[in-house]
Student: 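The structure under discussion is supplied below as C-alpha coordinates; questions concerning it will follow.
Read the numbers this way: they start at 1 and go in the same order the structure lists the ligands and their atoms.
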Amino acid sequence: MNILIVGSGMYVTGRNGTGTGTILSALAQFSKTNTITEVVVVSKSLESENEVSQATIRINKLLKTNLKVSFHALGDSSQQIISTLNNTKIFDSCIISVPDHLHFMYGKICLDLAIPTLMVKPLTPTLAEAKELIKIADKNKTFACVEFHKRYDETNLWIKKAIHENKVGKLNYFVVNYSQRIDIPLKTFKGWSSQTNIFQYLGVHYVDLIYFLTRYIPIRIAAYGTDGVLKQQGIDTYDSVHAMIEWVNPNDATNKFVSNFNTNWIDPNCSSALSDQKYNVIGTLGRIECDQKNRGVELVTEKTGIQQINPYFSDYLPDENGELRFGGYGYTSMQVFLKDVMDLKSGNKSLENLNIHRPSFRESLVSVAVIEAANQSLKNNNEWIDINL
Ligand SMILES: NC(=O)c1ccc[n+]([C@@H]2O[C@H](COP(=O)([O-])OP(=O)(O)OC[C@H]3O[C@@H](n4cnc5c(N)ncnc54)[C@H](O)[C@@H]3O)[C@@H](O)[C@H]2O)c1
(Lines give C-alpha, C1' and ligand atoms only; values in the text may rest on other atoms or scores of the structure.)
Protein backbone atom coordinates (compact mmCIF):
# COMPACT_ATOMS: atom_id res chain seq x y z
CA MET A 1 0.00 0.00 0.00
CA ASN A 2 0.98 3.63 -0.57
CA ILE A 3 0.43 5.93 2.40
CA LEU A 4 0.27 9.73 2.53
CA ILE A 5 1.19 11.59 5.72
CA VAL A 6 0.22 15.26 5.95
CA GLY A 7 2.44 17.08 8.48
CA SER A 8 5.92 16.29 9.68
CA GLY A 9 5.83 17.48 13.29
CA MET A 10 6.49 15.83 16.61
CA TYR A 11 3.79 13.20 16.30
CA VAL A 12 5.15 12.10 12.91
CA THR A 13 8.90 12.29 13.41
CA GLY A 14 9.58 12.94 17.12
CA ARG A 15 11.62 16.02 17.89
CA ASN A 16 14.68 16.85 20.02
CA GLY A 17 14.34 13.66 21.98
CA THR A 18 10.70 14.44 22.89
CA GLY A 19 8.52 11.72 21.47
CA THR A 20 9.32 8.68 19.39
CA GLY A 21 7.66 9.81 16.19
CA THR A 22 4.59 7.64 16.73
CA ILE A 23 3.28 7.81 13.16
CA LEU A 24 6.47 6.88 11.25
CA SER A 25 7.37 4.28 13.89
CA ALA A 26 3.91 2.71 13.60
CA LEU A 27 4.20 2.50 9.82
CA ALA A 28 7.69 0.96 10.06
CA GLN A 29 6.42 -1.65 12.54
CA PHE A 30 3.37 -2.35 10.37
CA SER A 31 5.66 -2.85 7.35
CA LYS A 32 7.24 -5.87 9.06
CA THR A 33 4.09 -7.91 8.43
CA ASN A 34 2.31 -5.97 5.67
CA THR A 35 3.48 -4.50 2.39
CA ILE A 36 3.98 -0.75 2.46
CA THR A 37 5.34 0.26 -0.94
CA GLU A 38 5.94 3.90 -0.15
CA VAL A 39 5.19 6.56 2.42
CA VAL A 40 4.94 10.11 1.13
CA VAL A 41 5.19 12.89 3.71
CA VAL A 42 3.93 16.32 2.70
CA SER A 43 4.32 19.37 4.88
CA LYS A 44 4.39 23.13 4.71
CA SER A 45 8.00 23.84 3.83
CA LEU A 46 11.18 22.18 2.62
CA GLU A 47 12.74 22.84 6.04
CA SER A 48 11.13 19.66 7.34
CA GLU A 49 12.75 17.40 4.74
CA ASN A 50 15.86 16.77 6.79
CA GLU A 51 13.84 16.01 9.92
CA VAL A 52 11.78 13.43 8.04
CA SER A 53 14.83 11.81 6.50
CA GLN A 54 16.71 11.69 9.84
CA ALA A 55 13.67 10.17 11.59
CA THR A 56 13.29 7.54 8.85
CA ILE A 57 16.95 6.52 9.15
CA ARG A 58 16.73 6.36 12.97
CA ILE A 59 13.49 4.34 13.00
CA ASN A 60 14.54 1.92 10.23
CA LYS A 61 17.76 1.27 12.14
CA LEU A 62 16.01 0.72 15.47
CA LEU A 63 13.34 -1.60 14.09
CA LYS A 64 15.47 -3.20 11.36
CA THR A 65 12.95 -2.16 8.73
CA ASN A 66 13.25 -0.70 5.27
CA LEU A 67 10.39 1.79 5.17
CA LYS A 68 10.69 3.93 2.04
CA VAL A 69 9.75 7.54 2.82
CA SER A 70 9.82 10.53 0.46
CA PHE A 71 9.09 14.18 1.20
CA HIS A 72 7.32 16.98 -0.68
CA ALA A 73 6.87 20.58 0.41
CA LEU A 74 3.39 22.02 -0.14
CA GLY A 75 3.99 25.76 -0.05
CA ASP A 76 0.76 27.48 -1.00
CA SER A 77 -0.50 24.83 -3.42
CA SER A 78 -1.50 22.01 -1.08
CA GLN A 79 -4.54 20.85 -3.03
CA GLN A 80 -2.80 20.76 -6.38
CA ILE A 81 0.31 18.97 -5.09
CA ILE A 82 -1.60 16.32 -3.14
CA SER A 83 -3.90 15.72 -6.10
CA THR A 84 -0.95 15.37 -8.52
CA LEU A 85 0.85 12.99 -6.16
CA ASN A 86 -2.32 10.92 -5.83
CA ASN A 87 -2.52 10.56 -9.62
CA THR A 88 0.78 8.73 -9.73
CA LYS A 89 0.99 7.00 -6.34
CA ILE A 90 -2.74 6.26 -5.77
CA PHE A 91 -2.76 6.53 -1.98
CA ASP A 92 -4.51 3.69 -0.16
CA SER A 93 -4.77 5.77 2.99
CA CYS A 94 -3.60 8.99 4.59
CA ILE A 95 -2.79 10.17 8.08
CA ILE A 96 -3.28 13.87 8.79
CA SER A 97 -1.22 15.34 11.64
CA VAL A 98 -1.23 19.12 11.42
CA PRO A 99 -2.35 21.82 13.90
CA ASP A 100 -6.06 21.76 14.87
CA HIS A 101 -7.16 24.71 12.70
CA LEU A 102 -5.85 22.98 9.54
CA HIS A 103 -7.69 19.68 10.04
CA PHE A 104 -10.68 20.74 7.96
CA MET A 105 -8.63 21.99 5.02
CA TYR A 106 -6.52 18.83 4.69
CA GLY A 107 -9.41 16.51 5.56
CA LYS A 108 -11.38 18.04 2.69
CA ILE A 109 -8.52 17.71 0.19
CA CYS A 110 -7.97 14.03 1.05
CA LEU A 111 -11.65 13.04 1.25
CA ASP A 112 -12.43 14.84 -2.02
CA LEU A 113 -9.84 12.47 -3.52
CA ALA A 114 -11.61 9.55 -1.72
CA ILE A 115 -8.47 8.61 0.26
CA PRO A 116 -9.31 6.72 3.50
CA THR A 117 -8.29 9.18 6.22
CA LEU A 118 -7.02 8.99 9.79
CA MET A 119 -7.11 12.42 11.47
CA VAL A 120 -5.32 13.26 14.72
CA LYS A 121 -7.66 14.69 17.35
CA PRO A 122 -9.65 16.89 17.56
CA LEU A 123 -11.50 16.11 14.33
CA THR A 124 -12.16 19.85 13.80
CA PRO A 125 -12.84 22.79 16.13
CA THR A 126 -16.39 23.33 14.76
CA LEU A 127 -19.44 21.17 14.05
CA ALA A 128 -20.05 22.77 10.65
CA GLU A 129 -16.58 21.69 9.47
CA ALA A 130 -16.97 18.17 10.88
CA LYS A 131 -20.37 17.74 9.24
CA GLU A 132 -19.02 18.95 5.90
CA LEU A 133 -16.20 16.36 6.05
CA ILE A 134 -18.70 13.59 6.89
CA LYS A 135 -20.82 14.65 3.92
CA ILE A 136 -17.82 14.28 1.57
CA ALA A 137 -16.78 10.96 3.11
CA ASP A 138 -20.33 9.61 2.74
CA LYS A 139 -20.60 10.84 -0.85
CA ASN A 140 -17.31 9.16 -1.80
CA LYS A 141 -17.97 6.07 0.40
CA THR A 142 -14.62 6.71 2.09
CA PHE A 143 -13.57 5.56 5.56
CA ALA A 144 -12.67 8.46 7.85
CA CYS A 145 -11.55 7.96 11.42
CA VAL A 146 -10.05 9.99 14.29
CA GLU A 147 -6.89 8.79 16.03
CA PHE A 148 -8.40 8.58 19.53
CA HIS A 149 -5.79 6.18 20.93
CA LYS A 150 -7.14 6.29 24.51
CA ARG A 151 -9.88 3.95 23.27
CA TYR A 152 -7.20 1.23 22.98
CA ASP A 153 -5.57 1.70 26.41
CA GLU A 154 -6.23 -1.47 28.47
CA THR A 155 -6.84 0.62 31.62
CA ASN A 156 -9.69 2.42 29.92
CA LEU A 157 -11.05 -0.82 28.47
CA TRP A 158 -11.11 -2.32 31.97
CA ILE A 159 -13.03 0.74 33.24
CA LYS A 160 -15.47 0.47 30.32
CA LYS A 161 -16.20 -3.13 31.28
CA ALA A 162 -16.52 -2.26 34.99
CA ILE A 163 -19.04 0.50 34.19
CA HIS A 164 -21.08 -1.84 32.01
CA GLU A 165 -21.00 -4.56 34.71
CA ASN A 166 -22.51 -1.93 37.04
CA LYS A 167 -19.61 -2.21 39.48
CA VAL A 168 -19.97 1.45 40.57
CA GLY A 169 -23.76 1.59 40.15
CA LYS A 170 -25.55 4.49 38.50
CA LEU A 171 -23.01 7.05 37.27
CA ASN A 172 -23.05 10.33 39.21
CA TYR A 173 -19.93 12.17 38.08
CA PHE A 174 -16.50 12.04 36.40
CA VAL A 175 -13.53 14.21 37.37
CA VAL A 176 -10.76 14.73 34.82
CA ASN A 177 -7.47 16.47 35.69
CA TYR A 178 -5.20 16.85 32.68
CA SER A 179 -2.15 19.15 32.48
CA GLN A 180 0.89 19.64 30.29
CA ARG A 181 4.23 21.31 30.84
CA ILE A 182 4.40 24.99 29.92
CA ASP A 183 7.15 24.35 27.38
CA ILE A 184 4.60 22.67 25.11
CA PRO A 185 2.60 25.86 24.32
CA LEU A 186 5.67 28.12 24.72
CA LYS A 187 8.18 26.20 22.64
CA THR A 188 7.04 22.90 21.09
CA PHE A 189 3.77 24.22 19.59
CA LYS A 190 4.74 27.90 19.61
CA GLY A 191 3.67 28.35 15.99
CA TRP A 192 0.05 27.43 16.65
CA SER A 193 -0.71 27.19 20.40
CA SER A 194 -2.46 30.61 20.28
CA GLN A 195 -4.95 29.14 17.82
CA THR A 196 -6.19 26.46 20.19
CA ASN A 197 -6.62 26.01 23.92
CA ILE A 198 -5.83 23.25 26.36
CA PHE A 199 -9.43 21.99 26.54
CA GLN A 200 -9.72 21.73 22.75
CA TYR A 201 -6.25 20.26 22.27
CA LEU A 202 -6.03 17.85 25.24
CA GLY A 203 -9.40 17.81 27.05
CA VAL A 204 -11.02 16.47 23.88
CA HIS A 205 -9.33 13.11 24.54
CA TYR A 206 -11.36 12.62 27.71
CA VAL A 207 -14.57 13.98 26.19
CA ASP A 208 -14.33 11.23 23.60
CA LEU A 209 -13.30 8.72 26.25
CA ILE A 210 -16.31 9.45 28.50
CA TYR A 211 -18.58 9.04 25.47
CA PHE A 212 -16.80 5.79 24.56
CA LEU A 213 -17.02 4.46 28.15
CA THR A 214 -20.66 5.35 28.78
CA ARG A 215 -22.43 6.13 25.46
CA TYR A 216 -24.22 8.97 27.32
CA ILE A 217 -24.78 12.12 25.24
CA PRO A 218 -23.49 15.57 26.30
CA ILE A 219 -26.35 18.07 26.52
CA ARG A 220 -24.85 21.29 27.92
CA ILE A 221 -21.56 22.76 29.06
CA ALA A 222 -20.20 25.75 30.98
CA ALA A 223 -16.50 26.58 30.67
CA TYR A 224 -14.20 28.96 32.56
CA GLY A 225 -10.66 29.99 31.64
CA THR A 226 -7.79 31.48 33.63
CA ASP A 227 -5.08 33.44 31.86
CA GLY A 228 -2.03 35.62 32.34
CA VAL A 229 1.10 33.50 32.36
CA LEU A 230 1.06 32.44 28.71
CA LYS A 231 -0.33 35.79 27.53
CA GLN A 232 2.55 37.60 29.25
CA GLN A 233 4.92 35.49 27.19
CA GLY A 234 3.18 36.24 23.89
CA ILE A 235 0.98 33.15 23.60
CA ASP A 236 -2.64 34.24 23.38
CA THR A 237 -4.40 31.31 25.00
CA TYR A 238 -5.73 30.31 28.41
CA ASP A 239 -3.44 29.01 31.13
CA SER A 240 -6.19 26.63 32.22
CA VAL A 241 -9.71 25.76 31.14
CA HIS A 242 -12.35 24.30 33.46
CA ALA A 243 -15.56 22.80 32.19
CA MET A 244 -18.65 21.18 33.60
CA ILE A 245 -20.57 19.00 31.16
CA GLU A 246 -23.99 17.46 31.71
CA TRP A 247 -24.57 14.07 30.06
CA VAL A 248 -27.79 12.10 29.58
CA ASN A 249 -28.52 8.44 28.99
CA PRO A 250 -29.99 8.31 25.45
CA ASN A 251 -32.47 5.63 26.59
CA ASP A 252 -33.64 7.39 29.77
CA ALA A 253 -33.85 11.19 29.88
CA THR A 254 -33.99 11.17 33.71
CA ASN A 255 -30.65 9.39 34.00
CA LYS A 256 -27.82 11.95 33.94
CA PHE A 257 -24.28 12.51 35.21
CA VAL A 258 -21.86 15.42 35.18
CA SER A 259 -18.18 15.57 34.33
CA ASN A 260 -15.80 18.17 35.69
CA PHE A 261 -12.68 18.91 33.67
CA ASN A 262 -9.62 20.81 34.89
CA THR A 263 -7.17 21.22 32.01
CA ASN A 264 -3.97 23.21 32.41
CA TRP A 265 -1.17 24.22 30.03
CA ILE A 266 1.30 25.79 32.46
CA ASP A 267 2.60 22.88 34.51
CA PRO A 268 6.23 23.38 35.61
CA ASN A 269 8.77 21.95 33.19
CA CYS A 270 10.17 19.88 36.06
CA SER A 271 6.85 17.99 36.28
CA SER A 272 7.52 14.25 36.37
CA ALA A 273 5.87 13.66 32.98
CA LEU A 274 5.00 15.66 29.87
CA SER A 275 1.31 15.12 30.62
CA ASP A 276 -0.18 14.76 34.08
CA GLN A 277 -3.48 12.93 33.72
CA LYS A 278 -5.90 11.41 36.19
CA TYR A 279 -9.61 10.70 36.17
CA ASN A 280 -12.23 9.38 38.59
CA VAL A 281 -15.56 7.73 37.95
CA ILE A 282 -18.02 8.02 40.81
CA GLY A 283 -21.30 6.14 40.97
CA THR A 284 -23.94 5.29 43.57
CA LEU A 285 -22.11 2.07 44.55
CA GLY A 286 -18.49 3.14 44.45
CA ARG A 287 -15.65 4.87 42.66
CA ILE A 288 -12.83 4.15 40.22
CA GLU A 289 -9.59 6.11 40.56
CA CYS A 290 -7.37 6.10 37.50
CA ASP A 291 -3.87 7.60 37.43
CA GLN A 292 -2.83 7.72 33.79
CA LYS A 293 0.51 9.36 34.57
CA ASN A 294 1.90 7.19 37.30
CA ARG A 295 1.88 3.76 35.71
CA GLY A 296 4.25 2.32 38.32
CA VAL A 297 7.61 3.01 36.65
CA GLU A 298 9.77 5.87 37.94
CA LEU A 299 13.16 6.98 36.60
CA VAL A 300 15.36 9.16 38.81
CA THR A 301 18.64 10.59 37.49
CA GLU A 302 20.60 13.82 38.04
CA LYS A 303 20.04 14.69 34.38
CA THR A 304 16.27 14.08 34.15
CA GLY A 305 15.12 14.52 37.75
CA ILE A 306 12.18 12.31 38.73
CA GLN A 307 10.28 10.96 35.72
CA GLN A 308 7.12 8.85 35.61
CA ILE A 309 7.36 6.57 32.59
CA ASN A 310 4.39 5.34 30.54
CA PRO A 311 5.64 2.31 28.60
CA TYR A 312 2.11 1.51 27.40
CA PHE A 313 1.44 4.37 24.92
CA SER A 314 4.10 4.36 22.24
CA ASP A 315 7.54 2.87 22.68
CA TYR A 316 10.18 0.49 21.33
CA LEU A 317 10.43 -2.53 23.65
CA PRO A 318 12.38 -5.77 23.16
CA ASP A 319 10.35 -8.63 21.69
CA GLU A 320 10.74 -12.32 22.56
CA ASN A 321 13.90 -12.47 20.37
CA GLY A 322 15.47 -9.41 21.95
CA GLU A 323 14.77 -7.22 18.88
CA LEU A 324 13.04 -3.87 19.36
CA ARG A 325 9.36 -3.85 18.49
CA PHE A 326 7.24 -0.68 18.36
CA GLY A 327 4.05 -1.08 20.34
CA GLY A 328 1.52 0.35 22.78
CA TYR A 329 -2.00 1.70 22.41
CA GLY A 330 -0.69 4.48 20.13
CA TYR A 331 0.46 1.76 17.74
CA THR A 332 -2.73 -0.29 18.14
CA SER A 333 -4.80 2.70 17.10
CA MET A 334 -2.89 3.10 13.81
CA GLN A 335 -2.60 -0.62 13.19
CA VAL A 336 -6.39 -1.04 13.54
CA PHE A 337 -6.93 1.78 11.03
CA LEU A 338 -4.51 0.32 8.48
CA LYS A 339 -6.00 -3.17 8.85
CA ASP A 340 -9.49 -1.72 8.46
CA VAL A 341 -8.43 -0.03 5.22
CA MET A 342 -7.10 -3.37 3.94
CA ASP A 343 -10.25 -5.22 5.05
CA LEU A 344 -12.48 -2.66 3.36
CA LYS A 345 -10.54 -3.10 0.13
CA SER A 346 -10.81 -6.88 0.24
CA GLY A 347 -14.48 -6.75 1.24
CA ASN A 348 -13.92 -8.36 4.67
CA LYS A 349 -15.46 -5.40 6.49
CA SER A 350 -18.22 -2.94 5.67
CA LEU A 351 -18.03 0.82 5.94
CA GLU A 352 -21.34 0.87 7.85
CA ASN A 353 -19.87 -1.42 10.51
CA LEU A 354 -16.66 0.59 10.88
CA ASN A 355 -18.56 3.88 11.12
CA ILE A 356 -20.27 2.50 14.25
CA HIS A 357 -17.45 0.55 15.89
CA ARG A 358 -14.50 2.88 15.34
CA PRO A 359 -13.83 6.49 16.38
CA SER A 360 -15.14 7.42 12.93
CA PHE A 361 -15.78 11.02 11.96
CA ARG A 362 -19.48 10.42 12.71
CA GLU A 363 -18.67 9.09 16.23
CA SER A 364 -16.42 12.11 16.77
CA LEU A 365 -19.24 14.62 16.25
CA VAL A 366 -19.89 14.29 20.00
CA SER A 367 -16.42 15.55 20.97
CA VAL A 368 -16.49 18.27 18.30
CA ALA A 369 -19.86 19.51 19.60
CA VAL A 370 -18.45 19.70 23.13
CA ILE A 371 -15.31 21.66 22.19
CA GLU A 372 -17.30 24.04 20.02
CA ALA A 373 -19.77 24.68 22.87
CA ALA A 374 -16.88 25.06 25.36
CA ASN A 375 -15.31 27.72 23.14
CA GLN A 376 -18.68 29.53 22.92
CA SER A 377 -19.05 29.44 26.71
CA LEU A 378 -15.54 30.85 27.14
CA LYS A 379 -16.46 33.72 24.81
CA ASN A 380 -19.87 34.33 26.42
CA ASN A 381 -19.05 34.97 30.06
CA ASN A 382 -18.96 31.28 30.97
CA GLU A 383 -22.66 30.83 30.20
CA TRP A 384 -24.19 27.39 29.98
CA ILE A 385 -24.34 26.42 26.29
CA ASP A 386 -26.76 23.77 25.03
CA ILE A 387 -25.25 21.07 22.87
CA ASN A 388 -27.49 20.08 20.00
CA LEU A 389 -26.22 17.09 18.12
N1 LIG B 1 2.51 15.25 19.77
C2 LIG B 1 1.67 14.29 20.09
O3 LIG B 1 1.98 13.39 20.90
C4 LIG B 1 0.31 14.23 19.49
C5 LIG B 1 -0.47 13.17 19.79
C6 LIG B 1 -1.72 13.05 19.20
C7 LIG B 1 -2.15 14.00 18.34
N8 LIG B 1 -1.41 15.07 18.07
C9 LIG B 1 -1.99 16.07 17.16
O10 LIG B 1 -1.23 16.13 15.97
C11 LIG B 1 -1.33 17.43 15.42
C12 LIG B 1 0.07 17.90 15.13
O13 LIG B 1 0.81 17.72 16.31
P14 LIG B 1 2.38 17.67 16.29
O15 LIG B 1 2.78 17.25 17.65
O16 LIG B 1 2.88 16.88 15.14
O17 LIG B 1 2.64 19.25 16.05
P18 LIG B 1 3.92 20.01 15.50
O19 LIG B 1 3.75 21.46 15.80
O20 LIG B 1 5.15 19.32 15.95
O21 LIG B 1 3.81 19.77 13.92
C22 LIG B 1 2.87 20.40 13.11
C23 LIG B 1 3.17 20.03 11.67
O24 LIG B 1 2.22 20.65 10.82
C25 LIG B 1 2.92 21.22 9.73
N26 LIG B 1 2.18 22.36 9.22
C27 LIG B 1 1.95 23.54 9.81
N28 LIG B 1 1.24 24.35 8.99
C29 LIG B 1 1.02 23.65 7.87
C30 LIG B 1 0.35 23.91 6.65
N31 LIG B 1 -0.28 25.07 6.44
N32 LIG B 1 0.33 22.94 5.73
C33 LIG B 1 0.93 21.76 5.94
N34 LIG B 1 1.58 21.43 7.05
C35 LIG B 1 1.62 22.37 8.01
C36 LIG B 1 4.25 21.68 10.29
O37 LIG B 1 5.20 21.83 9.25
C38 LIG B 1 4.56 20.50 11.20
O39 LIG B 1 5.14 19.48 10.43
C40 LIG B 1 -2.13 18.28 16.42
O41 LIG B 1 -3.46 18.40 15.97
C42 LIG B 1 -2.07 17.48 17.69
O43 LIG B 1 -3.25 17.66 18.44
C44 LIG B 1 -0.16 15.20 18.61
Side-chain angles (χ1 to χ4, degrees), residues 4-26 40-55 71-82 85 94-110 118-125 129 145-153 178 180-181 183-208 235 237 263 265 273-275 277 310 313-315 328-331 333-334 337 359 364 367-368 371:
L4 172 72
I5 300 177
V6 183
S8 57
M10 191 166 92
Y11 204 37
V12 177
T13 57
R15 194 195 295 146
N16 303 333
T18 47
T20 50
T22 300
I23 295 177
L24 276 181
S25 299
V40 177
V41 179
V42 295
S43 191
K44 198 172 164 183
S45 66
L46 252 184
E47 279 165 32
S48 309
E49 185 168 25
N50 190 38
E51 215 160 336
V52 171
S53 127
Q54 292 304 317
F71 180 87
H72 294 263
L74 293 170
D76 292 326
S77 10
S78 307
Q79 182 154 16
Q80 192 199 331
I81 291 176
I82 293 175
L85 283 167
C94 77
I95 302 175
I96 301 177
S97 180
V98 289
D100 301 4
H101 61 284
L102 299 169
H103 289 187
F104 173 72
M105 174 178 131
Y106 285 107
K108 182 165 164 26
I109 293 175
C110 294
L118 183 67
M119 179 81 79
V120 294
K121 53 77 208 165
L123 169 52
T124 56
E129 291 171 325
C145 194
V146 178
E147 204 275 297
F148 274 127
H149 47 250
K150 288 189 188 297
R151 289 186 176 213
Y152 300 95
D153 178 347
Y178 200 176
Q180 261 187 355
R181 289 180 187 148
D183 260 4
I184 301 289
L186 280 188
K187 292 187 182 153
T188 315
F189 298 149
K190 190 175 180 210
W192 56 277
S193 49
S194 292
Q195 295 189 63
T196 183
N197 63 58
I198 188 61
F199 184 77
Q200 172 178 314
Y201 165 69
L202 264 200
V204 68
H205 263 307
Y206 283 92
V207 174
D208 178 70
I235 301 291
T237 192
T263 57
W265 224 353
L274 183 73
S275 299
Q277 32 185 335
N310 177 4
F313 168 44
S314 168
D315 215 335
Y329 51 87
Y331 175 60
S333 160
M334 289 184 207
F337 169 73
S364 305
S367 52
V368 172
I371 55 176

Student: Show the atoms of ligand 1 that are less than 4.0 angstrom away from any heavy atom in P99.
Tutor: 22 (C), 24 (O), 27 (C)
Student: Are the side chains of F71 and L46 in contact, using a 4.5 Å heavy-atom criterion?
Tutor: yes
Student: Mind checking whether V120 has an N or O less than 3.5 Å away from an N or O of ligand 1?
Tutor: no
Student: Does any N or O in the side chain of S97 come within less than 3.5 Å of the main-chain N or O of V12, such that one atom is a donor and the other an acceptor?
Tutor: no
Student: Could you check whether K150 pairs with D208 (Lys NZ or Arg NE/NH1/NH2 to Asp/Glu carboxylate O, under 4.0 Å)?
Tutor: no
Student: Ignoring hydrogens, just give me the one of I23, L102, V98 whose non-hydrogen atom is nearest atom 28 (N) of ligand 1.
Tutor: L102
Student: Taking only heavy atoms of Y106 into account, list the atoms of ligand 1 that are under 4.0 Å away from them.
Tutor: 30 (C), 31 (N), 32 (N), 33 (C)
Student: If you measure every N/O of K121 against every N/O of ligand 1, is any gap under 3.5 Å?
Tutor: yes
Student: Any chance the rings of Y331 and Y152 have centres within less than 6.0 Å?
Tutor: no
Student: Taking atom types as modelled and ignoring hydrogens, do the side chains of T196 and D100 form a donor-acceptor contact shorter than 3.5 angstrom?
Tutor: yes
Student: Judging by distance only, is a nitrogen or oxygen of S43 under 3.5 angstrom from one on ligand 1?
Tutor: yes
Student: Should the proximity of H103 to ligand 1, defined as any heavy atom under 4.0 Å, be assigned to the side chain, the backbone, both, or neither?
Tutor: side chain
Student: Of all the atoms in ligand 1, which lie at a distance below 4.0 Å from a heavy atom belonging to D100?
Tutor: 40 (C), 41 (O), 43 (O)
Student: Could you tell me if the side chain of V120 sits less than 4.5 Å from the side chain of I96, heavy atoms only?
Tutor: no
Student: So between Y201, F313, F189, whose heavy atom ends up nearest atom 14 (P) of ligand 1?
Tutor: F189
